[in-house]
Amino acid sequence: MSYRSGHHAEYPQHHSHDRGHAHHRRAPANHPAPAPAAAAAASESDYTLVHAGKQVRIGPVVFWIVIGTVSLLGIWSAATATYFAFRDDVLTRLIARQAEMQYAYEDRIAELRAKVDRATSRQLLDQEQFDQKLDQILKRQTALEGRATALGSMPDVTGSIRQPARGPAAIEPPSAPATPKPSPISDTVIFTAPPDREARLESRSPVMANAQPNQSMKLAGVDNVLTRLTRSLDQVEARQIAMLSSAEETLESKLRRMRGVITDLGLDMGQLEAAAPKGGMGGPFVPVKLGAESGPFERQLYRISITRAQVDKMNRTLSLVPYRKPVIGEVEFTSGFGVRSDPFLGRPAMHTGLDFRAATGDPVRVTANGKVVNAGWAGGYGRMVEVDHGNGLSTRYGHLSEINVKIGQQVKIGEVIGEVGSTGRSTGPHLHYETRIDGEAVDPQKFLRAGVRLSAG
């Protein structure tokens with residue numbers, strides 16, 4: 001305990017904690033006088049600590065330093081106790097907050113990565129779709145080029161696929177020829193691969209939000225190019241199909257007319273085909289087969305090839321039928337086939353041929369392939385040439401002024417066999433032309449009309 005020295009009681013007081021200790025007593029009257037006033041004032045301001053009969057005097061500064069130190073130690077002890085009491089909760093909250101921040105950061109990173117992956121996947125998908133469309137267009141263009149080559153090899157198909165007009169510059173001037181000229185399919189569809197075709201994702205910059213409109217516009221532009229190419233190929237294919245259909249219809253119509261002509265003339269088809277010259281020189285026989293995966297174009301082309309082969313065979317067969325004119329230029333008949341008044345006797349007589357008005361020296365041409373069986377003077381025919389065409393068919397050319405062939409000579413259609421004259425029983429220069437079947441004269445106009453019918457197609 002500490003007591004101020006100036007506040008001691010006059011009489012001693014007994015306390016329980018002062019048991020066994022000496023009590024302070026006031027000094028007797030005869031005690032020496034106290035110290036001076038300054039010493040008394042200093043003793044009154046000091047603090048006295050009493051313990052075990054000993055007194056310790058300390059100044060106020062030291063006292064308050066001790067008190068402050070003790071207070072700080074108490075506060076520090078209380079804070080330390082509080083820290084250790086609540087340390088686990090604080091650490092738990094700090095760790096939870098750090099974990100929450102880390103998870104939020106990882107979630108943000110994952111979200112951004114997912115966006116990048118989605119953008120990359122869209123780019124890759126767009127690239128794959130573009131490559132697929134481009135490959136389909138290239139394959140289709142290759143197929144159309146093959147079709148154009150096949151169409152170009154057909155002599156019955158005239159013209160070709162022309163490049164469609166694309167703007168004022170594509171319009172032909174009035175002086176351009178109207179007849180279409182053959183042109184390859186590459187002239188119709190000029191394909192240029194866009195620069196982005198060879199691009200890959202590794203070489204592209206990261207997808208940014210402000211770049212999406214430009215990317216969309218770019219993809220839209222590529223799609224428009226592919227659409228235009230596809231539309232152009234559709235037009236080319238449509239023209240090819242139309243051309244093929246027209247060729248097929250033309251060949252079938254021509255074949256029907258040929259067969260109809262032979263039927264109308266009363267000729268034996270089998271005999272004519274047997275006597276007709278062969279188309280080839282030889283080689284192994286390879287049957288024509290149509291693939292199981294053939295499309296409509298290939299099947300139609302196959303039908304056209306078969307029909308064209310039949311037309312070629314009919315052309316060779318009809319080369320033995322005299323349905324052409326023996327003279328060129330305008331035809332003028334002076335006498336027809338049948339009964340007429342004889343120019344010398346004036347009595348009715350049978351005229352076995354046609355008389356073609358012509359000038360002396362005009363060329364006379366054979367009307368069908370055959371073999372010369374007579375070339376010389378033949379009574380009323382004068383100078384006459386007779387050609388045997390086989391299968392009982394033959395033609396005679398009378399009143400010639402000159403003969404240019406000899407017996408046994410093979411002649412071809414249109415070959416000059418003589419010149420117009422007025423030899424024999426004739427009243428003027430003209431050509432007497434006869435057609436005979438099995439030695440009997442028939443009307444040549446029947447064959448000439450057949451020729452007109454064939455040439456009309």
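- Among all heavy-atom pairs drawn from Val364 and Glu419, the shortest one is CG2-C, 4.0 Å.
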Legend entry - Test side-chain hydrogen bond (donor to acceptor under 3.5 Å, both in side chains) applied to Arg231 and Thr227, step by step: CA-CA 6 Å; Arg231 189 181 301 113; Thr227 302; 5.7 Å; no
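- One finds the CD atom of Glu386 at 4.5 Å from the CZ atom of Arg396 (value rounded to the nearest 0.5 Å).
- Partner Phe447 forms a side-chain contact (heavy atoms from CB on, under 4.5 Å) with one of Leu393, Thr367, Thr395 and no other, that one being Leu393.
- Counting all heavy atoms, side chain and backbone alike, Leu320 lies closest to Asn369 at CD2-O, 3.9 Å.
- Of the N and O atoms on the side chains of Ser232 and Arg228, not one donor lies less than 3.5 Å from an acceptor on the other residue.
- Put simply, the side chain of Val366 does not reach to within 4.5 Å of the side chain of Val405, judged on heavy atoms.
- A donor-acceptor pair under 3.5 Å is formed between the side chain of Gln409 and the backbone N or O of Lys406.
- For Arg303, the CZ atom is densely surrounded, since the number of other residues' heavy atoms within 6.0 Å is greater than 12.
- Without hydrogens or angle criteria, Thr435 side chain to Val442 main chain gives a donor-acceptor distance under 3.5 Å.
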Inset, instruction - Apply side-chain contact (heavy atoms from CB on, under 4.5 Å) to Val327 and Arg365, showing your working. - result: CA-CA 6 Å; Val327 292; Arg365 304 175 186 275; over 6 Å; no
Legend entry - Stepwise side-chain contact (heavy atoms from CB on, under 4.5 Å) test for Val321 and Leu272: CA-CA 9 Å; Val321 179; Leu272 289 175; 4.2 Å; yes
Inset, instruction - May I have the step-by-step check of side-chain contact (heavy atoms from CB on, under 4.5 Å) for Asp362 and Ile328, ending in yes or no? - result: CA-CA 9 Å; Asp362 287 348; Ile328 60 175; over 6 Å; no
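- Taken from CZ in Arg316 to NZ in Lys313, the straight-line distance is 7.5 Å, to the nearest 0.5 Å.
- The OG1 atom of Thr230 sits 8.5 Å away from the CD atom of Gln136 when rounded to the nearest 0.5 Å.
- Considering only residues two or more places apart in sequence or on other chains, Asp443 meets the salt bridge (charged side-chain N to carboxylate O under 4.0 Å, His left out) condition with none of them.
- The neighbour count for Lys325 NZ, taken as heavy atoms of other residues, nucleotides or ligands under 6.0 Å away, is above 12.
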Legend entry - Check against side-chain hydrogen bond (donor to acceptor under 3.5 Å, both in side chains), Glu248 and Thr307: CA-CA 8 Å; Glu248 182 179 13; Thr307 305; 5.8 Å; no
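- The neighbour count for Gln410 CD, taken as heavy atoms of other residues, nucleotides or ligands under 6.0 Å away, is above 12.
- Under the 3.5 Å distance criterion, the side-chain polar atoms of Ser121 are matched with a main-chain donor or acceptor of Asp117.
- Using cut-offs of 30° and 60° for the angle between ring planes, the Phe333 and Phe356 rings count as perpendicular.
- Residues Arg324 and Leu448 approach most closely at O-CD2, 3.4 Å, considering heavy atoms.
- Here the straight-line distance linking atom CD of Gln310 with atom CG of Asn315 works out to 12.0 Å at 0.5 Å rounding.
- In this structure, Gly451 and Tyr323 approach most closely via the heavy-atom pair CA-CD1, 3.2 Å.
- For the side chain to side chain donor-acceptor pair (under 3.5 Å) test, no residue two or more places apart in sequence or in another chain qualifies with Arg118.
- With respect to Arg108 and Glu111, a salt bridge is recorded, a charged nitrogen being found less than 4.0 Å from a carboxylate O.
- Evaluation of the side-chain contact (heavy atoms from CB on, under 4.5 Å) rule for Gln271 yields Asp268, Asn391 as partners, not counting sequence neighbours.
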Inset, instruction - Verify side-chain contact (heavy atoms from CB on, under 4.5 Å) between Leu454 and Met258, making sure each step is shown before the conclusion. - result: CA-CA 7 Å; Leu454 289 176; Met258 289 179 173; 3.9 Å; yes
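- Other residues, nucleotides and ligands contribute more than 12 heavy atoms inside 6.0 Å of the CD atom of Glu106.
- The shortest non-hydrogen separation linking Val420 to Ala359 is CB-O, 3.4 Å.
- Note that CD of Glu100 and CD of Gln98 are 10.5 Å apart. Values are rounded to the nearest 0.5 Å.
- Asp264 pairs by the side chain to side chain donor-acceptor pair (under 3.5 Å) definition with Arg453, not counting sequence neighbours.
- Between atom CE of residue Met314 and atom OG of residue Ser319 there is a gap of 10.5 Å, rounded to the nearest 0.5 Å.
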Can you give me every donor-acceptor pair (side chain of residues 71-80, partner residue at least two apart or in another chain, under 3.5 Å) with its distance?
unit_1	atom_1	unit_2	atom_2	d
Ser71	OG	Ile67	O	2.9
Ser77	OG	Leu73	O	2.8
Thr80	OG1	Trp76	O	2.7

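- Put simply, the side chain of His389 never gets that close to the backbone of Ser394: no donor and acceptor are under 3.5 Å apart.
- Under the salt bridge (charged side-chain N to carboxylate O under 4.0 Å, His left out) criterion, Arg436 pairs with Glu434, sequence neighbours left out.
- The shortest heavy-atom contact between Ile304 and Ala247 is CD1-CB, 4.4 Å.
- For the pair Val373 and Val387, the minimum side-chain heavy-atom distance is 4.5 Å or more.
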